[in-house]
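Report on the following structure.
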Amino acid sequence: MFSSIGTGADEYAAGLRAGRSRVRPITAFDTTGFAHTNACAVPDFEPERWLRHVSSEEFGRASQFSAAAARMALDDAGLVESDLIESRCLVSVGTTDGESHDLDRLTEMDVRHGPQQMDRVLVRRVPAIRLSTAVATELGLADAEAFTIGTACSAGNYAIGHGLDAIRIGDADIAICGGADAISRKTFTAFYRLGTIAAERCQPFDKDRQGILTAEGAGVMVMERLDSALARGARIYAEVLGYGLNCDAYHPVAPKQSSVAECMRLALDDAGVDPEEVDLISAHGTGTRANDITEVGAIREVYGSAPPRTVSLKSMLGHTMGAASALAAIACALAITHRFIPPTINHVTPDPECPIDCVPNQAVSADLRIVQNNGLAFGGNNASVVLGRYDTTSLDQRKDM
Amino acid sequence: MTPIVATADRLTISAWSAISPYGIGRAAFVDGVHSQGSTIAEPPPDEHDLPVSHARMVPGFDVRAILGPSNTRAMDRLTGLAVVTVRELLHGAGPPSSVTADRRTAVVLGTGSGSAGSMMEFTRSALVAERPFYVNAAAIPNNVMNSAAGRCAIWHELPGPNATVAGGRAAGLFALSYARRLLLAGRASMALCGAVEEFSRARSWLEFHSQDGEPGVLAEGAAVFAVEPAGGGTGRAPLAELLGFQSKLCLDSDPAKALSECVRRAVERSGGDPADVWAACPSGHSGKLGQVERDVLADVCGAEAVARCAVVEQVADAGAASAAFQLATLLSIAERNPEAAGRMAVLGSIDPGGTVACGVIRPLGSDA
């Protein structure tokens with residue numbers, strides 16, 4: 001995975017444990033005229049360092065992130081391309097913006113020089129399917145079913161959930177899934193116009209929170225059936241126990257509390273888990289006024305007045321859009337493996353309207369068995385994934401990974 | 001490697017609707033397929049500076065005129081096409097087509113990248129304004145590619161699973177594949193799935209450049225299918241079985257070979273023989289890849305099977321709605337051809353980005 005605070009599982013885990021964040025002025029586009037311009041970009045990304053088969057000219061930044069993260073995930077899983085030849089593979093990459101940065105550049109060419117001057121290489125990079133095509137190209141997966149899921153800021157969880165379903169029903173042996181996005185003017189401008197961009201830092205659940213910091217990156221995981229993982233002696237970070245998805249059917253951008261609660265319940269039911277068994281919630285936790293109060297309300301509907309500790313990784317990562325719930329799921333798996341809870345940083349003043357223990361500012365040690373990871377999105381597209389620690393005493397009815 | 005071949009475990013299409021260059025609704029589509037007419041018209045007068053002068057538009061489609069002034073001020077054309085198509089599916093022609101949706105109804109829509117027109121207009125306005133954030137806030141929901149599916153859920157009160165799948169020209173097939181997994185995993189009891197594409201100046205230029213300046217005629221519209229397990233308790237007589245879906249990525253610059261393998265595998269895994277396929281529908285695109293599709297399908301399934309579907313050109317090039325229109329075309333042809341009942345029909349797709357895909361269905365005989 002790629003994020004502003006770390007590349008790869010080890011660096012990322014260290015960053016999470018340290019409560020790291022990396023906020024810098026945006027350089028991806030000209031920010032003249034904005035009063036504040038901070039974001040959480042992936043620093044010094046060198047595609048050639050990671051990519052063997054994907055051309056950084058023919059694929060845009062989000063696609064490069066996807067493919068590079070997939071390459072890294074395959075290596076981390078102890079697999080090589082030839083291992084996949086006998087496997088039925090699903091590739092699902094979630095995204096909010098696809099290659100919107102390239103589309104923005106094409107718009108600029110159109111505005112400044114006219115539509116004939118649009119760059120054809122950029123045009124071919126734009127279709128959102130390119131993000132999953134990049135993964136399949138990089139790993140030589142000509143026969144994989146590879147598509148991109150465009151459910152905005154919960155797309156990472158959708159991709160993971162779809163991989164889970166493909167494995168459960170016997171369509172696939174391996175699912176390579178996650179999410180990716182790159183910083184774009186379009187998205188920064190939209191959140192800025194809505195008054196939901198923070199000036200300096202993202203402060204989920206804080207009384208004085210001001211909104212998000214836009215960010216970028218990719219999180220990709222290799223999912224396989226438990227028996228196949230055991231048979232090859234794979235290192236198991238976590239089990240994907242279940243997921244749930246629903247739609248608010250309420251408002252294009254504002255979340256609906258009862259629907260968010262229902263999504264979380266669907267996930268718990270699918271995982272065969274009771275609320276009392278959940279040790280940690282990784283919230284969507286954008287740090288906007290609306291999300292945090294709605295999401296905490298939903299959590300309390302499901303979990304009662306003493307919910308589990310609830311953190312927002314966006315405090316450290318910023319809002320990586322379609323990558324967010326995938327990066328969060330990976331963080332949950334690392335937290336389970338290494339037995340710690342990543343903190344909600346930048347926490348100064350608790351908001352009495354968001355009554356949860358957000359593990360402020362410092363990571364803590366914790367014996368995590370089950371974690372719920374939320375993704376909520378514009379369009380009311382909600383998806384929540386439940387992860388569990390795999391150990392040899394796990395019950396047989398626990399499902400995959 | 002071993003491909004996934006999704007066999008449908010007895011899923012059926014029990015109803016469908018479409019908005020297309022033939023007009024609004026399933027009946028207009030079926031009539032259009034059988035009418036031998038041409039669908040080319042001029043683009044609307046407020047679209048200027050286009051690379052081509054003609055397009056296959058949905059005739060007279062004005063979102064606000066059709067849906068009314070409430071909650072439609074900032075609804076873009078793509079979203080409007082989706083919302084109205086789902087409306088037609090749910091409330092359209094009456095029995096036996098009426099479909100009742102509930103909490104267990106999923107919505108899955110295929111797209112290219114959402115509304116390029118809305119996104120480019122948004123960024124354009126940011127670039128030319130006095131301040132880079134002087135943009136229309138009401139247009140922001142259209143910046144994300146799930147806005148059409150999300151708005152369908154709001155408009156039609158559909159709180160079940162709701163997904164948007166980006167699949168290029170095969171987006172409709174990927175939407176069906178995604179929906180199939182939701183149904184088999186027990187997350188929904190019915191799925192409304194399909195794909196949608198709008199005509200816009202932005203799309204015209206993007207397509208112009210992606211086809212190396214070969215101007216092609218663009219089409220627009222949406223087709224949405226009600227998919228449910230066979231014997232699902234709705235009581236509607238199914239129109240067709242979904243037998244299989246197969247996709248592949250062409251990595252060696254030989255899309256003909258990739259599509260050929262894909263179609264053979266999909267048909268064989270569905271329990272059929274390619275030589276027995278009754279109808280084989282390409283996308284109808286006029287460019288090189290469209291020709292490759294025709295040639296491959298003719299090679300695998302026979303020239304007659306392909307010739308049967310030549311009419312699909314009237315709804316091409318529909319971009320992300322291509323596969324959905326191909327499916328609608330097959331169902332329309334089958335509806336008035338009794339000999340199609342019980343036979344296999346396929347649709348094949350080659351996307352410029354290298355994805356090839358094939359869907360296999362079995363029409364079950366005409367409904368009332």
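Just the heavy atoms: all of them, side chains too, but no hydrogens, waters or symmetry mates, feed the values below.
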**Study point:** 4.5 Å side-chain heavy-atom contact, Tyr178(B) and Tyr158(A)
**Key:** yes

Check your understanding: Based on non-hydrogen pairs under 4.5 Å, which of Leu122(A), Asn382(A), Ile149(A), Asn381(A) is most in contact with chain B?
Key -> Asn381(A)

Review point. Which word best sums up how the rings of Phe174(B) and Phe147(A) line up, parallel for under 30°, tilted for 30 to 60°, or perpendicular for over 60°?
Key: tilted

Revision key, fill the gap. If you tally heavy-atom pairs under 4.5 Å between each of Gly150(A), Gly379(A), Cys263(A) and chain B, the highest tally belongs to Gly150(A)

Review point. By a 4.5 Å heavy-atom criterion (distance strictly below it), what part of Ala136(A) contacts chain B: side chain, backbone, both, or neither?
Key: both

Check your understanding: Heavy atoms, side chains only, cut-off 4.5 Å: are Leu103(A) and Leu206(B) in contact?
Key -> yes

Review point. Does some side-chain heavy atom of Pro159(B) sit less than 4.5 Å from a side-chain heavy atom of Asn246(A)?
Key: no

Review point. Between Asp165(A) and Arg180(B), is there a salt bridge with N-O shorter than 4.0 Å?
Key: no

Review point. When only pairs under 4.5 Å are counted, which of Cys152(B), Ala126(B), Ala185(B) shares the most heavy-atom pairs with chain A?
Key: Ala185(B)

Revision key, fill the gap. Minimal heavy-atom distance between Ser113(B) and Ala128(A), with the atoms involved, is OG-N, 3.1 Å

Practice item. Taking all heavy atoms of Gly33(A) and all of Arg131(B), pick out the closest pair and write down the distance. Key: O-CD, 4.1 Å

Point to revise | Val128(B) versus chain A, the contacting section by heavy-atom distance below 4.5 Å | key: side chain

Review point. Is chain B contacted by the side chain of Val93(A), its backbone, both, or neither, given a heavy-atom distance below 4.5 Å?
Key: neither

Check your understanding: Which bit of Phe29(A) comes within less than 4.5 Å of chain B, counting heavy atoms only: side chain, backbone, both or neither?
Key -> neither

Review point. Could you state the interatomic distance from CG (Leu139(A)) to CG (Leu249(B)), rounded to the nearest 0.5 Å?
Key: 11.0 Å

Review point. Can you pull the salt bridge (Lys or Arg N to Asp or Glu O under 4.0 Å) pairs that have at least one residue in residues 115-127 of chain B, sequence neighbours excluded?
Key: Glu121(B)-Arg124(B)

Practice item. Would you mind telling me which of Asp30(A), Ile169(A), Val111(A), Thr32(A) has the largest number of heavy-atom pairs within less than 4.5 Å of chain B? Key: Ile169(A)

Exercise for review: Show the numbers, then the answer: is there a salt bridge (charged side-chain N to carboxylate O under 4.0 Å, His left out) between Asp351(B) and Arg130(A)?
Suggested key: CA-CA 11 Å; Asp351(B) 183 82; Arg130(A) 296 295 280 165; over 6 Å; no

Check your understanding: Given that the side chain runs from C-beta out, which part of Asp119(A) has a heavy atom under 4.5 Å from chain B: side chain, backbone, both or neither?
Key -> neither

Point to revise | Selection from Asn146(B), Val356(B), Leu251(B) maximising heavy-atom pairs under 4.5 Å formed with chain A | key: Asn146(B)

Point to revise | side chain to side chain donor-acceptor pair (under 3.5 Å) partner of His209(B), chosen from Arg120(A), Gln117(A), Gln116(A) | key: Arg120(A)

Exercise for review: Using the test salt bridge (Lys or Arg N to Asp or Glu O under 4.0 Å), find all partners of Glu99(A) that sit at least two apart in sequence or belong to another chain.
Suggested key: none

Check your understanding: In a check of side-chain contact (heavy atoms from CB on, under 4.5 Å) between Lys186(A) and each of Val135(B), Ile140(B), Thr123(B), which one passes?
Key -> Thr123(B)

**Study point:** side chain to side chain contact (heavy atoms under 4.5 Å, CB included) assessment of Met119(B) paired with Val126(A)
**Key:** CA-CA 12 Å; Met119(B) 294 175 195; Val126(A) 160; over 6 Å; no

Check your understanding: Do Glu157(B) and Tyr250(A) touch side chain to side chain, with heavy atoms closer than 4.5 Å?
Key -> no

Check your understanding: With only heavy atoms counted, which part of Glu108(A) is less than 4.5 Å from chain B, the side chain, the backbone, both or neither?
Key -> both

Point to revise | Salt bridge present between Lys248(B) and Asp143(A) (N-O < 4.0 angstrom) | key: yes

Practice item. Give, for atom CZ of Phe245(B) and atom CG of Asp171(A), the distance between the pair rounded to the nearest 0.5 Å. Key: 10.5 Å

**Study point:** Note, Phe378(A) side chain near Ser147(B) side chain (heavy atom, < 4.5 Å)
**Key:** no

**Study point:** OG-CZ distance between Ser210(B) and Arg124(A), expressed to the nearest 0.5 angstrom
**Key:** 7.0 Å

Review point. Among residues 161-171 of chain B, which ones touch chain A with a heavy-atom distance under 4.5 Å?
Key: Pro161(B), Asn162(B), Ala163(B), Thr164(B), Val165(B), Ala166(B), Gly167(B), Gly168(B)

Exercise for review: For chain B, find which of Thr31(A), Val253(A), Thr137(A) contributes the most heavy-atom pairs closer than 4.5 angstrom.
Suggested key: Thr137(A)

**Study point:** Contact check, side chains of Arg187(B) and Leu266(A), non-hydrogen atoms, under 4.5 Å
**Key:** no

Revision key, fill the gap. Hits for salt bridge (Lys or Arg N to Asp or Glu O under 4.0 Å) against Arg265(A), two or more places apart or cross-chain, chain-then-number order -> Glu262(A), Glu301(A)

Review point. Using a cut-off of under 4.5 Å for heavy-atom pairs, which of His162(A), Glu81(A), His251(A) has the most such pairs with chain B?
Key: His162(A)

Check your understanding: Which atoms of Ser184(A) come close to chain B, meaning under 4.5 Å heavy atom to heavy atom: side chain ones, backbone ones, both, or neither?
Key -> neither

Check your understanding: Quick one: what part of Ser259(A) sits under 4.5 Å from any heavy atom of chain B, side chain, backbone, both or neither?
Key -> neither

Revision key, fill the gap. Note: vs chain B, highest number of non-hydrogen pairs under 4.5 angstrom among Thr187(A), Val121(A), Leu245(A), Leu131(A) is Leu245(A)

Check your understanding: Is there a side-chain contact between Thr189(A) and Pro132(B), using heavy atoms and a 4.5 Å cut-off?
Key -> no

Check your understanding: Do you know the tightest heavy-atom contact between Ala153(B) and Ala249(A)?
Key -> O-CB, 3.3 Å

Review point. So which part of His53(A) gets closer than 4.5 Å to some heavy atom of chain B, the side chain, the backbone, both or neither?
Key: neither

Check your understanding: Does the side chain of Asp97(A) reach to within under 4.5 Å of the side chain of Met145(B), using non-hydrogen atoms?
Key -> no

Point to revise | Part of Leu106(A) within contact of chain B (heavy atom distance under 4.5 Å) | key: both

**Study point:** Winner by heavy-atom pair count (cut-off under 4.5 Å) against chain A, out of Trp155(B), Trp205(B), Tyr134(B)
**Key:** Trp205(B)

